[in-house]
Structure formats: C-alpha cells, structure tokens
Visitor: 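For reference, the structure I am asking about is given below.
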There are 2 protein chains.
Amino acid sequence: MLAQQRQAAILDRVRAAGGVRVTELAAEFSVSDMTIRRDLEALADRGLLAKVHGGATTVSPGSAHEPGFTAKSVRERGEKAAIAMRAAALVSPGDAIALSAGTTTAELAQRLVDVPALTVVTNSIPVADVFYRAGRADQTVVLTGGTRTPSDALVGPVAVAAIGALHLDMLFLGVHGMSERAGYTTPNLMEADVNRALVEAAERLVVLADHTKWGTVGISSIVPLARAHVLITDDGLDGAARELLSETVPELVVVNPQ
Amino acid sequence: MLAQQRQAAILDRVRAAGGVRVTELAAEFSVSDMTIRRDLEALADRGLLAKVHGGATTVSPGSAHEPGFTAKSVRERGEKAAIAMRAAALVSPGDAIALSAGTTTAELAQRLVDVPALTVVTNSIPVADVFYRAGRADQTVVLTGGTRTPSDALVGPVAVAAIGALHLDMLFLGVHGMSERAGYTTPNLMEADVNRALVEAAERLVVLADHTKWGTVGISSIVPLARAHVLITDDGLDGAARELLSETVPELVVVNPQ
DNA sequence: GCGGTACTGTTCGAGTGTGTTCGAATTAGT
DNA sequence: ACTAATTCGAACACACTCGAACAGTACCGC
C-alpha cells in the first residue's frame, strides 16, 4: 500500500469516527507506530487533523461550543467502541434504522456495514460516507437534507421535513449530555429539532451515551430520559446515576470496555 | 504493446484499485521502472492521475468514476471553465439559486464562493462541499436529502420532496446530453426526477452544456430544450446545431474558451 | 542510405519512507 | 503522591524510489 493511500485512509477514519489511536492504525495497516505517527504529523501539518496523545482527532474549526474532539475523546474511544458494539447487536438484517450525528453513531455505523439489506437514514454526512464507501448493493442509505453544522450534521426545516415522511424500526441517538432534569441534550438548537423528528419517526429509541455524558447539560433538550426504550452506557457511570437511570429507562445496558 | 495502450491500461488499474505501485506495473507490463514513471508523468500532466512516492493514485480519491474521463475530457476542461465563468456572471449577491450535480456545476460553484449573501440549494455533495469549505457566514447552503448515486448526487423521493417545498430564483442545470428529440437528458432515472423537481422550483432555468453534449441522449429526459431560459455552451458546437438551438432556446450563449 | 522522432533501458547521486532504539514525557493505577 | 505502563519524538541505519543524463533501438519519410 502506498504511503499516500494510507494517509488518505487514516483521514477517512478520523473523519468518520472522530478520532483514532496510533496503535489501532499500526495494527490495521501493518506498519510500525512510528510510521503512523509520521503520517499523522504530515496530515496535521496540512491542518487536516489534530494530533493528540495516543492518536489524532478531527480538527474542530472554531467550534468552541461543540464539545469537540479533544485528547479526551481519543481516550474515550474504548468506551464508545464497546457501546457501539453492543448497539450493533440490536440490529437485524433487513431493518430500517436511523442514526443521528455523532462520534458514537459513526463508530456504530462501521459495525453495521456488513448487515445485509439494511436501510439507514441519517443526517450525518460522515455516517452516510461509511456506508457509501462499503458500497453494498443490498443496503439503502438515505441522507436527510438540510444545512450543514460544523460537526457535519444536516439540520434545519429541510431535514425535519424529510424525516417527517419516514417511519423506522429503530433510532440510535448519540447525545452530548444527559441529566435527570434536562433529559438528553445537545449544544445545537437546530440539531435538537432534527433529533426530535428522528425520535418521532422511529418505533424504538436507543440512546448511546458514555458515562462522561452524565451531568452534562447542552443548551437544548431533545427528549426526557424516560422516552428512551434502551440506554446503552459504560461502567464508568457512578452508582447513584446508575440506580436512577435503571429506574427511569425501561432498559439500561451497561457495557464493560475490556 | 503500444505505449498508448499501456498508459490506458495503467489508468484503468489506477481507477479500479485507487492506486498502483511503479514496481508492480513494471513487472506486469515487463518494462523498466523508468518507463512506467514516464507513463505516470504523462498521465499526471494531463490531470488523469496523481503521482505519489512509489506510484500513483486517482486524482481525487473518494469521488468516484467520472463518466468518460478520457484524454479528450482534458480539452473540455477549458470549455467547462469558460461556461462556468459565464454562468457565474448571471448571479447577484443575495440570490437564491440551485445547482444540480455534475462537473460543470461543481466548476461553477467554485466561482460563486465569493458572492455575498448567496443561498444555494444543491443535491450534489461535492458542490455543497465547495461552499462549506469556503466557510462564509453570510452564505446558506442547503443540501437536499436522498440516497447517493455513484456520482455523489442525492436522489429519490426524499430529495424530490425536499425540493418541492423550496422556491428559487435560478437553477443551473448540468446535463449529460441534449438533442432536438429528447431534450436535456441524464443517464440516471432518479437523477432526472430530482432535476425536474429543481426545474419546477426555480424561476429561471440556465442549462450548462459543452458542445460534446449535443447529440448525446441519456436514458431519461429531464425537460425539452425550449424549457430553458438560457443555454450556455461553447463554440465547438457546429453551425446547424447552433442555428437550431438559437431558434429553440430564448437565450443562447456561446462562449469562447480562450 | 540519411536524418528525425518517439520510445525505451541503464546508471548514478539525491531524496524519501520505514523500522529500531532509547531517553524523555505523558498517562493510568493504586 | 508515587510508581508502572504507555506514548512520544529524535536519531540512526537501511532499503527503496526518484529524476536527470546518456545511449540504444525501432520506425518513418525522403
């Protein structure tokens, strides 16, 4: 494989998943850690991604509000991966599902590309990209319309209207915060609108939220905690929160990242 | 084997695999590395691939197979540029316009990123990308929803419905073929639907078509020739066609590339 | 025959990419 | 707060790749 191709592939992965680890990439491409570091450095020099300890993340251009991909997000990748893995188990061949925008759902998308006859609706360009690149003829990917946010989500009345005409088996919703009072929240008003439309369009709501989301409150509420049918989180969640959630959400799934 | 044939074969391989190594090709065609390098250089000079250390890759890894992107199309690049330049002159600050999918409209998009307060509706991910990368706060870019075609256009009922709710000053429509009998055509049934919806949503229709489109008939008609308010083409168009078009289309603009 | 042109192969010094080692820096665990 | 485990980047060695220059071959028109 050419160095150039490897770098392009790395960039794709960063864009799709929000972050990558050096060791992961080294194993995947069968090269040394040093080579991956040099690739990341080259890409970072061109401003295409941001190097952080342990790997790299997408460069978040001036989006101070969006709790963007900092070094932290690379560390949390293990948790997100575990959550995504568990969520993927809920999907069966032939299902029609929706995926919201977010790094966790992008991670989930990568684990769903092999599910036969899947229909996927999403407002996230990176998520749509994951399926598109897989190029399976038996899968249908519908991108909602709308205007683009800094995090590559499509929002606005066009997106809401497009979703309103659809009906789906299941929605996998990635959120930026969850709390007892505010429910599931996001830092973007328009994105909350779209997410609410997705919730309405889906039979079942599966929320994906690692433990760091607990206590975080974004400016805009999507739906109350109890509206989710399933909440998948990780075991970093403290006991009190776990108890509260297990009483509020019909099905609370706590995964153990390794 | 002729050098020409070898270069064509190399191009095929690059397109199919996304990238090739010099040493691989040298072994396959039983020629020296130097010869392969010279082939790659010749192809790169024509913009058909990108040379990288160790081999070559497709010029834009990610954007899929452009139809008939042969050596000929390089000459057409100047024509497309001239057409796009002329089309850009029709746009004023504050306009709300639509751009269909296609290479010519993508070219036009690049010339519109500096127009203040522009609102752009498009079903082409690459076109949306052009504006998004420019990142002007005073411009609004709306991507229609839908499923993705191999040429990165969004099509289907979702796209048609999204467009149905919008009203625009002007549509710039790139077509794959035009003929007296079939009108403006495209090779993709679903894309024709979307294009027709765009035509309905726009006050004025500006068709962009270089002279090679004349006589080409795609499987699906969009609208008759006379439906366009303006047709912009280049001076490679033969006299008979030019006469016919000038009698059919309200305004025929023939640009001169260079 | 001759000269011209296009294509190819060889040689060689410079450039580029990769893996390894190792000490410093950062992070995780208790 | 301290220690153990990762991770980082600089430096080096090695292999591969590059392009320029030169030389050889084949084909063409005259």
Side-chain angles (χ1 to χ4, degrees), chain A residues 1-11 13-14 17-57 59 69-82 210-212 234-239 255-258, chain B residues 1-11 13-14 17-59 61 71:
Chain A
M1 179 180 227
L2 294 167
Q4 207 82 8
Q5 287 180 292
R6 191 181 54 236
Q7 291 183 10
I10 289 172
L11 197 53
R13 284 200 51 139
V14 173
V20 291
R21 318 198 88 257
V22 170
T23 48
E24 264 178 32
L25 292 173
E28 178 164 339
F29 294 112
S30 303
V31 294
S32 70
D33 293 4
M34 198 59 225
T35 297
I36 295 294
R37 277 194 209 100
R38 281 187 275 237
D39 285 339
L40 295 180
E41 197 177 352
L43 292 167
D45 278 351
R46 289 157 57 194
L48 299 172
L49 51 72
K51 276 183 69 177
V52 297
H53 193 94
T57 65
V59 57
F69 310 117
T70 59
K72 201 178 68 176
S73 92
V74 169
R75 263 180 274 133
E76 286 162 16
R77 254 182 68 74
E79 298 154 9
K80 290 185 184 190
D210 63 75
H211 74 273
T212 65
D234 65 272
D235 60 6
L237 199 66
D238 68 73
V255 300
N256 175 5
Q258 307 260 15
Chain B
M1 179 181 228
L2 294 170
Q4 205 85 7
Q5 290 178 294
R6 191 180 54 236
Q7 290 183 12
I10 288 172
L11 198 52
R13 284 199 49 139
V14 172
V20 291
R21 324 195 95 258
V22 169
T23 47
E24 266 176 32
L25 293 172
E28 178 163 339
F29 295 111
S30 303
V31 295
S32 71
D33 292 4
M34 198 59 228
T35 297
I36 295 294
R37 275 194 211 101
R38 281 187 274 239
D39 286 338
L40 295 181
E41 197 176 352
L43 293 167
D45 278 350
R46 294 193 280 157
L48 300 172
L49 49 73
K51 276 183 71 177
V52 298
H53 194 94
T57 63
T58 49
V59 66

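Side-chain atoms are counted along with the backbone in the values below, which use heavy atoms only and exclude waters and symmetry mates. Chain letters run A, B, ... following the sequence lines, proteins first and then strands; every chain starts at 1.
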Visitor: What is the separation between atom CZ on A:Arg21 and atom C1' on C:dT26, rounded to the nearest whole Å?
Guide: 13 Å

Visitor: Check whether any side-chain N or O of A:Asp234 sits under 3.5 Å from a backbone N or O of A:His211 as a donor-acceptor pair, and report yes or no.
Guide: yes

Visitor: So which of B:Leu48, B:Leu40, B:Asp39 actually passes side chain to side chain contact (heavy atoms under 4.5 Å, CB included) with B:Leu11?
Guide: B:Leu48

Visitor: Rounded off to whole Å, could you give me the CD-to-P distance for the B:Gln4 and C:dT8 pair?
Guide: 10 Å

Visitor: Can you tell me the distance, in whole Å, between the CD1 atom of B:Ile10 and the P atom of C:dC7?
Guide: 13 Å

Visitor: If the condition is side-chain contact (heavy atoms from CB on, under 4.5 Å), which residues does A:Glu28 pass it with, not counting sequence neighbours?
Guide: A:Arg13

Visitor: Short of 4.0 Å, heavy atom to strand atom, which residues of residues 28-38 of chain B count as contacting DNA chain D?
Guide: B:Met34, B:Arg37

Visitor: Applying side-chain contact (heavy atoms from CB on, under 4.5 Å), can you list everything that pairs with B:Ala42, at least two apart in sequence or on another chain?
Guide: B:Gln7

Visitor: Rounded to the Å, how far apart are A:Gln7 CD and C:dT18 P?
Guide: 8 Å

Visitor: Please give, in whole Å, the distance from C:dA6 P to B:Asp39 CG?
Guide: 15 Å

Visitor: So which one's nearest nucleotide on DNA chain D is more toward 5', B:Gly55 or A:Thr23?
Guide: A:Thr23

Visitor: Mind checking side-chain contact (heavy atoms from CB on, under 4.5 Å) for B:Ala26 and listing every partner two or more places apart, or none if nothing turns up?
Guide: B:Asp33, B:Ile36

Visitor: A:Met1 vs A:Val31, test: side chain to side chain contact (heavy atoms under 4.5 Å, CB included). Steps then yes/no.
Guide: CA-CA 10 Å; A:Met1 179 180 227; A:Val31 294; over 6 Å; no

Visitor: Whole Å only: how far is the NZ atom of B:Lys51 from the P atom of C:dT16?
Guide: 13 Å

Visitor: Please report the shortest heavy-atom distance between A:Ala82 and A:Val255, naming the atom on each side.
Guide: CB-CG2, 3.9 Å

Visitor: Hey, where on DNA chain D does chain B first and last touch, going 5' to 3'? Cut-off is any atom under 4.0 Å from a heavy atom.
Guide: D:dT17 to D:dA20

Visitor: Between atom CG of B:Leu49 and atom OG1 of B:Thr57, what is the distance when rounded to the nearest 0.5 Å?
Guide: 7.5 Å

Visitor: Quick check on C:dC7: is either OP1 or OP2 less than 4.0 Å from any side-chain nitrogen or oxygen of B:Arg6?
Guide: no

Visitor: Let's go through B:Phe29 and B:Ile10 carefully: what are the C-alpha distance in whole Å and the side-chain angles of both, what is the deciding distance for side chain to side chain contact (heavy atoms under 4.5 Å, CB included) to 0.1 Å, and is it a yes or a no?
Guide: CA-CA 10 Å; B:Phe29 295 111; B:Ile10 288 172; 3.8 Å; yes

Visitor: Whole-Å distance between C:dT8 P and B:Gln5 CD?
Guide: 11 Å

Visitor: With the side chain counted from C-beta on, respond yes when A:Arg37 and A:Glu41 share a heavy-atom pair under 4.5 Å apart, and no when they do not.
Guide: no

Visitor: Angle between the two end axes of the helix from C:dG1-D:dC30 to C:dT30-D:dA1, five base pairs per end, rounded to 10 degrees?
Guide: 40°

Visitor: When rounded to the nearest 0.5 angstrom, what distance separates NZ in B:Lys51 from CG in B:Asp45?
Guide: 8.5 Å

